[in-house]
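Model, not experiment: these values are computed from the prediction.
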Amino acid sequence: MPSPDLLGRRLLFFTGKGGVGKSTITAAMALLAAEHGKRVLVIEVDAKGNITDRFESRPVGFSPREVYPGVFALAMDTEASLREYLKLNLRVPIVGRLGPLARVLDFVATAAPGVKEVLTIGKVCWEVREALEGRADWDLVVVDAAATGHIISQLGAPEAIRELVAVGPVRSQTEWMTDILDDPALTALNVVATPEEMPVEETIDLVGRAREEIDVPLGAVIVNRVLPELFTHADEEAFDALCEPGPAEVLSGRAGSGVTAVIDGARLAVSLRRTRATHLSRLRNEVDLPMLYVPYLFSRTHGLRETRMVAEALSNELGL
Amino acid sequence: MTTSSLESLLAAKEIVVCCGSGGVGKTTIAAAAALGAASRLGGKVLVLTIDPAKRLADALGLEGIGNIEKKVPAEAFKAAGLEVRGELWAAMLDTKQSWDALVLRHAPDEETAYRILDNRMYENITARFVQSHDYIAMERLFEIHETGRFDLIVIDTPPTRNALDFLDAPKRMAEFFGGRLLRWLTMPYRVGGRRGARMINVASRPFYQMADRLLGSQFLQDISEFFLNFQSMYGGFVDRANAVERLLHDRRTTFAVVTTLESAPLHEAEFFCDQLMRRDYHLGALILNRTLPRYLLSSEGDRAAEILCGEAGPLGAQLAETGAEALADPARDARVLKTIGESFQNFAVVAKREAELRAELSRVPEVLADVPALDSDVGDITGLALIANSLFPSTSARRPG
């Protein structure tokens, strides 16, 4: 399958099961785009507020701040999003008074289905629209989106609102959102997975549900933390042979008793890789999307250096 | 450092809540702990899981049974060569079914119950209202515990943004039902009719104006109707949520935080531990899952890896002379030696990082358990038994009989 032109879009969502490295991949994609001369806005939706760690920058709030040359970040805040929405769209004259507003928010957040989601997705789409219409200069908006369990209802929120709300400004406000979300030239939903059982199952499930339930175009599956293949078939035969007592003695005669640990370590590496390979092939068989592979990083690094290494891997995979 | 064992902890408790961030293996640990307790301590042990991997669900016999607790058949243990003194039961959480049951229980009469169940808002709210999963999990736990059918219940917590959200869920649910908000939402109905408009509380006017502008009045009316019905369950619901809250704080309940030795999950785990203690929950255990073997830390291993890489050529030639057919090609042998040397060095880096993180652990509860990385995924009873052995090290070392 050809590499997908992810950097040519304007809006990229990254979802995935918790713990697979969604934020790292999102940050790396932003960094990669910035290094290709784009002005990028990163939106952290599942606001733990720490995507900026990936750029070794302090946490951000609802207003974007540059965290790396060309990369701006903001953390989603549905209350702030509502305030902005009211100010911009309805000219509701109570912006300063938080009391009633907070209660409305309480209402929308806890009770009305989909409204919290639509405030989130609305802010994302709004930034893209501002850029498309020349009022903001983002070349690309990347979203560290909700996890697999929640992303469909988030992306489907504008549609769901339309089904529930017959008239009113909220209804009409959702139409331009779906125009952006459903346009394959603009938007792609990408899934991050690791070659493990649950992340693979959730990815397969999500891709199926996305096709069935929403019209947001799918981009790529990013397979993170792929362990290297140690041996070819012939090399593995040699490895098995050198584990036998005779050859192993030759090795420990020179390299000492630690040879046992090295051999055990290699066996562990081979079996870990093998288990993951079965999950990976299941993923390949079940999902017909371009796959981008990011190797497991054995390095001790975190923060920006790790983000750079992942960006480089993505760059290779995208053929850039 | 820690004196107690997981075994004595489980022997003393009736409920174990497993929590931790996504992807650390909570579900598997919960199932293994339940199996370990059933086999070593005896009695009836239930594992209540939220979203098990398919193979694990199959292994526990959970396929397609939803909310009903089911006994794992003794043959499954026999096939795995296990002797289990007690009984292991398993159940999955079906959020929708649990909500329906809750409505049927708390609604004043059947007619109201079905008016709620048939309302189109209902499904939306129970399915989309993310926090409802948290609440329903705790509610189910309470319900099963109340029956007194099990000696021990091990529950796996739902994946949430903040893995501790479920702790607040009962309180939030009670607040929601007791709050002014719900009264406002149901206002147009309660004061409906001729005198309606004038009776609307002054305080609610800005709220309605705004909600009306945002959502349109039809939507508002739909939702009001729904909440009006829903509110009829108020008393039962609030009592129940408070009881759930009390149960989580009860002496019979303990929490086990599960994590891997990676920095992000571990930091989150430490945060959970801290929060649990601060809120007076009983933090019983910290379980380190999928840790790498200690031999990766040995300095002999380091040295050997360095020599195998550095002297791969001459060593390869020596191996070729041993006469083993598969080692006849010295260039291949050298390549293999270099590969395994480098692979050791790679994994040693990760193992050292784990060791550092372990040393940095600041708050350690009574029990600290270590579960080594297994070669393959856990998808059957045998795999669970292997993990149970790591969780209960003292007894696994004890000779049978």
Side-chain angles (χ1 to χ4, degrees), chain A residues 17-20 46 90 92 94 100 103-104 106-107 110-114 147 149-150 153 164-171 196-198 201 230-231 234-235 237-242 244 246-247 250-251 254-259 261-266 268-269 271-272 275 298-300 302, chain B residues 21-24 53-55 121 124-125 128-130 159 161 176 181 185 206-207 210-211 213-216 218-219 223 227 263 265 293 295-296 298 300-305 307-308 311 315 318-319 322 324 326-327 332-333 335-336 339-341 343-344 346-347 349-350 353 373 375-377:
Chain A
K17 180 176 159 52
V20 299
D46 246 354
L90 299 176
V92 172
I94 44 85
R103 284 186 206 111
V104 173
D106 244 19
F107 158 64
T110 40
H150 198 48
S153 50
L164 287 169
V165 185
V167 290
V170 165
R171 184 189 162 84
E196 297 168 287
E197 185 178 13
M198 285 303 275
E201 291 308 319
L230 282 195
F231 305 123
D235 284 6
E237 277 177 6
F239 171 68
D240 287 340
L242 68 75
E244 296 294 319
V250 171
L251 295 176
R254 175 68 196 99
S257 60
V259 166
V262 175
I263 287 176
D264 287 347
L268 179 69
S271 59
L272 287 176
T275 312
F298 288 102
S299 72
R300 310 168 59 81
H302 291 292
Chain B
S21 56
V24 298
K54 192 176 174 305
R55 289 188 312 138
M121 292 287 161
N124 254 303
I125 285 170
R128 291 220 175 105
F129 179 17
V130 188
R161 281 159 213 225
F176 176 69
L181 184 66
L185 285 175
F207 166 81
M210 193 166 330
R213 284 178 86 168
L214 276 167
L215 301 162
Q218 180 58 44
F219 176 77
I223 206 162
F227 280 114
S263 65
Y295 64 72
L296 291 169
S298 78
E300 290 86 1
D302 260 348
R303 210 171 66 86
I307 294 171
L308 295 187
E311 299 174 22
L315 281 169
Q318 259 179 284
L319 286 176
T322 58
L327 295 172
R332 172 189 299 157
D333 297 347
R335 189 168 63 228
V336 169
T339 304
I340 65 175
S343 172
F344 183 88
N346 280 339
F347 277 91
V349 168
V350 182
R353 194 163 59 207
D375 291 358
S376 55
D377 297 336

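Of the listed residues (S298(B), A373(B), G301(B), P293(B)), the one with the most heavy-atom contacts under 4.5 Å to chain A is G301(B). Here L327(B) is the residue among L308(B), L315(B), L327(B) with the most heavy-atom pairs under 4.5 Å with chain A. In terms of heavy-atom pairs under 4.5 angstrom with chain A, the leader among D302(B), I307(B), L296(B) is I307(B). For chain B, the option among G18(A), A241(A), A255(A) with the highest count of heavy-atom pairs below 4.5 Å is A255(A). Contacts with chain B were tallied for M198(A), E201(A), E196(A); M198(A) has the most, counting heavy-atom pairs under 4.5 Å.
Counting all heavy atoms, side chain and backbone alike, V336(B) lies closest to A238(A) at CG2-CB, 4.1 Å. Contact record, G258(A) with A304(B): C-CB, 3.5 Å, taken as the closest heavy-atom pair. Counting all heavy atoms, side chain and backbone alike, E237(A) lies closest to A326(B) at O-CB, 3.7 Å. In this structure, T339(B) and L230(A) approach most closely via the heavy-atom pair CG2-O, 3.5 Å.
Rounding to the nearest 0.5 Å gives a distance of 11.5 Å between CG of L242(A) and CZ of R332(B). To the nearest 0.5 Å, atom CG of residue D235(A) and atom CZ of residue R335(B) are 4.0 Å apart.
Heavy atoms of S271(A) lying under 4.5 Å from chain B belong to its backbone as well as its side chain. With a 4.5 Å cut-off on non-hydrogen atoms, A147(A) does not touch chain B at all.
By the side chain to side chain contact (heavy atoms under 4.5 Å, CB included) test, D264(A) pairs with T260(A), R267(A), Y295(B), sequence neighbours left out.
Using a 4.5 Å heavy-atom threshold, the side chains of F347(B) and L272(A) count as touching.
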| said: As a quick check of understanding, evaluate side-chain contact (heavy atoms from CB on, under 4.5 Å) for I340(B) and F231(A), giving each step before the final call. | reply: CA-CA 9 Å; I340(B) 65 175; F231(A) 305 123; 3.5 Å; yes
